[in-house]
Trainee: 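Here's a structure for you.
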Amino acid sequence: MSVDLVEVVRSGFRECVHRGSVVILDGDGEPDIALGEVHLPIFPRSTNKPMQAITLLRNGFEPVDEAELAISTASHFGEPDHIALVQRLLDRFGFEEDQLECPSDLPSDELARAQALSGGDRDKAARKIYMNCSGKHAAMLATCKINDWPTTGYPNPGHPLQQAVSATIADITGEPEADLGIDGCGLPIVPVSLVNLARAYAAMATGEPGTPQRRVAEAIRNNPRVISGTDGPDLLTMRATPGLVCKIGADGVHAGALPDGRAFAYKIDDGHDRARMPLTQAILHRMGVHWTDAHADLATPAVLGGGARVGVIRAVPGLFG
């Protein structure tokens with residue numbers, strides 16, 4: 001059963017509460033904190049992207065630099081540097097944008113979206129390369145070409161690439177096989193429990209140097225802006241917490257790990273983004289990271305009334321004892 005995780009307090013009154021489940025692992029991979037339904041499968045959404053990138057490396061994909069590997073794990077904001085990386089990847093392997101099989105979208109960054117819409121026609125402004133998963137799709141096309149796999153229909157669960165992704169996720173998480181879902185970008189999504197999702201991130205953070213899992217972890221750690229964007233949750237959290245590797249997923253999922261293997265994963269039941277940062281910072285505090293003003297600011301975003309701070313969004317007091 002899920003528990004109260006984050007509350008919205010306005011003028012001293014608890015106005016809203018966000019429920020969910022969270023697990024924090026010790027350095028041996030055992031639960032230190034387990035609240036809610038941490039052993040039941042969830043759809044990890046974009047927290048699966050690092051494991052998908054590991055699959056690509058295991059199957060011959062070789063990025064020219066860490067930024068190219070990072071964009072293959074990204075939920076990018078569609079800013080110019082993101083688009084340039086995806087385009088470089090497409091160009092390097094001889095693909096056109098329309099060969100991406102993700103949906104067309106607008107950038108999620110406000111400035112980039114405004115620039116895309118400056119022509120006034122939303123339908124014409126939306127592009128596949130703007131979609132936040134376009135880097136992953138471009139890297140998947142490249143991997144298909146490297147392996148002489150079909151470059152059309154690669155999101156199909158029966159495609160060799162997706163079979164390899166499912167096998168990799170099973171290997172890293174130890175999760176029993178379950179029915180697949182379809183993610184927002186059209187790719188299959190493998191259900192994983194929170195405890196095994198956290199263990200997968202611990203395996204990435206502590207992998208031997210040069211292994212696919214460690215290469216992905218380092219690419220994310222060293223390029224937090226590439227995997228997100230201006231003021232993105234992962235960028236801000238990793239900037240405040242040296243050594244952390246973490247990745248958000250849509251609808252209230254987040255997972256991460258420290259270099260010593262301590263790790264976390266959570267799912268917010270209602271999927272609301274405002275609960276994400278206070279909960280993540282409370283978890284890091286419970287894990288004993290060096291606490292800074294940056295963490296404190298992220299942990300307690302303001303509730304506004306008439307333009308003034310009249311309350312706070314925060315982890316439920318005493319959540320972790």
Side-chain angles (χ1 to χ4, degrees), residues 1-3 5 19-26 28-58 72-75 132-133 136 140 155 157 161-207 211-214 216-217 220 227 233-234 244-258 261-271 276 279-280 283:
M1 188 172 181
S2 58
V3 300
L5 296 176
R19 298 176 60 82
S21 302
V22 58
V23 65
I24 302 174
L25 303 182
D26 63 24
D28 295 321
E30 295 303 317
D32 179 39
I33 296 287
L35 302 175
E37 300 169 336
V38 302
H39 295 286
L40 294 180
I42 63 159
F43 284 145
R45 307 299 296 274
S46 285
T47 59
N48 266 346
K49 285 177 177 173
M51 291 183 280
Q52 291 166 324
I54 291 168
T55 305
L56 306 185
L57 293 177
R58 286 181 173 182
S72 76
T73 75
S75 299
N132 76 87
C133 301
K136 173 177 68 175
M140 286 186 170
L161 176 62
Q162 301 310 327
Q163 294 288 302
V165 168
S166 292
T168 296
I169 292 175
D171 175 46
I172 296 173
T173 65
E175 191 79 18
E177 185 174 340
D179 292 338
L180 301 178
I182 301 297
D183 211 341
C185 69
L187 291 173
I189 185 165
V190 180
V192 178
S193 67
L194 290 173
V195 69
N196 284 333
L197 183 62
R199 284 172 177 154
Y201 274 73
M204 288 187 278
T206 62
T211 59
Q213 55 266 39
R214 182 63 173 270
V216 168
I220 292 172
I227 73 152
D234 285 323
L244 177 70
V245 54
C246 65
K247 183 74 186 67
I248 66 168
D251 290 325
V253 184
H254 206 186
L258 296 168
R262 287 176 294 154
F264 71 88
Y266 66 73
K267 164 67 176 163
I268 298 162
D269 285 353
D270 62 17
R276 189 189 301 279
L279 181 56
T280 297
I283 289 168

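Treat the numbers as computed from the prediction; the structure is a model and nothing was measured.
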Trainee: When the side chains of residues 189-204 are checked against the rest of the protein, which donor-acceptor pairs come out under 3.5 Å, sequence neighbours left out?
Mentor:
from: Ser193; atom 1: OG; to: Glu175; atom 2: OE1; distance (Å): 3.2
from: Ser193; atom 1: OG; to: Asn196; atom 2: N; distance (Å): 3.3
from: Ser193; atom 1: OG; to: Asn196; atom 2: ND2; distance (Å): 3.4
from: Asn196; atom 1: OD1; to: Arg199; atom 2: NH1; distance (Å): 3.4
from: Asn196; atom 1: ND2; to: Glu175; atom 2: OE1; distance (Å): 2.6
from: Arg199; atom 1: NE; to: Gly29; atom 2: O; distance (Å): 2.9
from: Arg199; atom 1: NH2; to: Gly29; atom 2: O; distance (Å): 3.1
from: Tyr201; atom 1: OH; to: Thr47; atom 2: O; distance (Å): 2.7

Trainee: Backbone N or O of Asp28 within a donor-acceptor pair of the Asp26 side chain at under 3.5 Å?
Mentor: yes
Trainee: Could you state the interatomic distance from CZ (Arg58) to CG (Asp171), rounded to the nearest 0.5 Å?
Mentor: 4.5 Å
Trainee: Can you measure from CG (Asp269) to CG (Leu5) and round to the nearest 0.5 angstrom?
Mentor: 7.5 Å
Trainee: According to side chain to side chain donor-acceptor pair (under 3.5 Å), who are the partners of Thr211, at least two apart in sequence or on a separate chain?
Mentor: none
Trainee: How long is the span from the OH atom in Tyr266 to the CD1 atom in Ile33, to the nearest 0.5 Å?
Mentor: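 Rounded to the nearest 0.5 Å, the OH-CD1 separation comes out at 16.0 Å.
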Trainee: Determine whether Asp251 and Val253 make a side-chain contact, defined as any pair of heavy atoms from C-beta on separated by less than 4.5 Å.
Mentor: no
Trainee: In Å and rounded to the nearest 0.5 Å, what is the NZ to OG distance from Lys136 to Ser46?
Mentor: 5.5 Å
Trainee: Has the side chain of Ser21 got a donor or acceptor atom that lies under 3.5 Å from a matching backbone atom of Glu37?
Mentor: yes
Trainee: Can you check whether Pro50 reaches Ile220 side chain to side chain, under 4.5 Å on heavy atoms?
Mentor: yes
Trainee: Can you tell me how far OG1 of Thr168 sits from CD of Gln213, rounded to the nearest 0.5 angstrom?
Mentor: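 Rounded to the nearest 0.5 Å, the CD-OG1 separation comes out at 10.0 Å.
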Trainee: Got a second to check how far His254's NE2 is from Lys247's NZ, nearest 0.5 Å?
Mentor: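 So the NE2 of His254 and the NZ of Lys247 are separated by 8.0 Å.
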Trainee: Does any part of the side chain of Gln162, heavy atoms only, come nearer than 4.5 Å to the side chain of Leu180, both counted from C-beta?
Mentor: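 Sidechains of Gln162 and Leu180: no contact.
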Trainee: Are the charged groups of Arg19 and Asp270 less than 4.0 angstrom apart, N to O?
Mentor: no
Trainee: Is a side-chain donor or acceptor of Gln163 paired with a backbone partner of Pro157 at a separation under 3.5 angstrom?
Mentor: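 Side chain of Gln163 to backbone of Pro157, a donor-acceptor pair under 3.5 Å: yes, one is there.
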Trainee: Please find the pair of heavy atoms, one from Ala74 and one from Lys49, that lie closest to each other, and give the distance.
Mentor: O-NZ, 2.8 Å
Trainee: For a quick test of reading the model, state the closest non-hydrogen atom pair linking Arg276 to Pro233 and the distance between them.
Mentor: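 For Arg276 and Pro233, the tightest heavy-atom pair comes out as CD-CB, 4.2 Å.
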Trainee: Is any side-chain heavy atom of Leu40 closer than 4.5 Å to a side-chain heavy atom of Lys267?
Mentor: no
Trainee: What are the two closest non-hydrogen atoms of Thr73 and Ala53, and how far apart are they?
Mentor: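 Looking at all heavy atoms of both residues, the shortest contact is CG2-CB, 3.6 Å.
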Trainee: Any side-chain heavy-atom pair from Ile169 and Thr55 closer than 4.5 angstrom?
Mentor: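 Counting from C-beta outward, Ile169 and Thr55 never come under 4.5 Å.
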Trainee: Report yes if some heavy atom in the side chain of Asp183 is under 4.5 Å from a heavy atom in the side chain of Phe43; otherwise report no.
Mentor: no
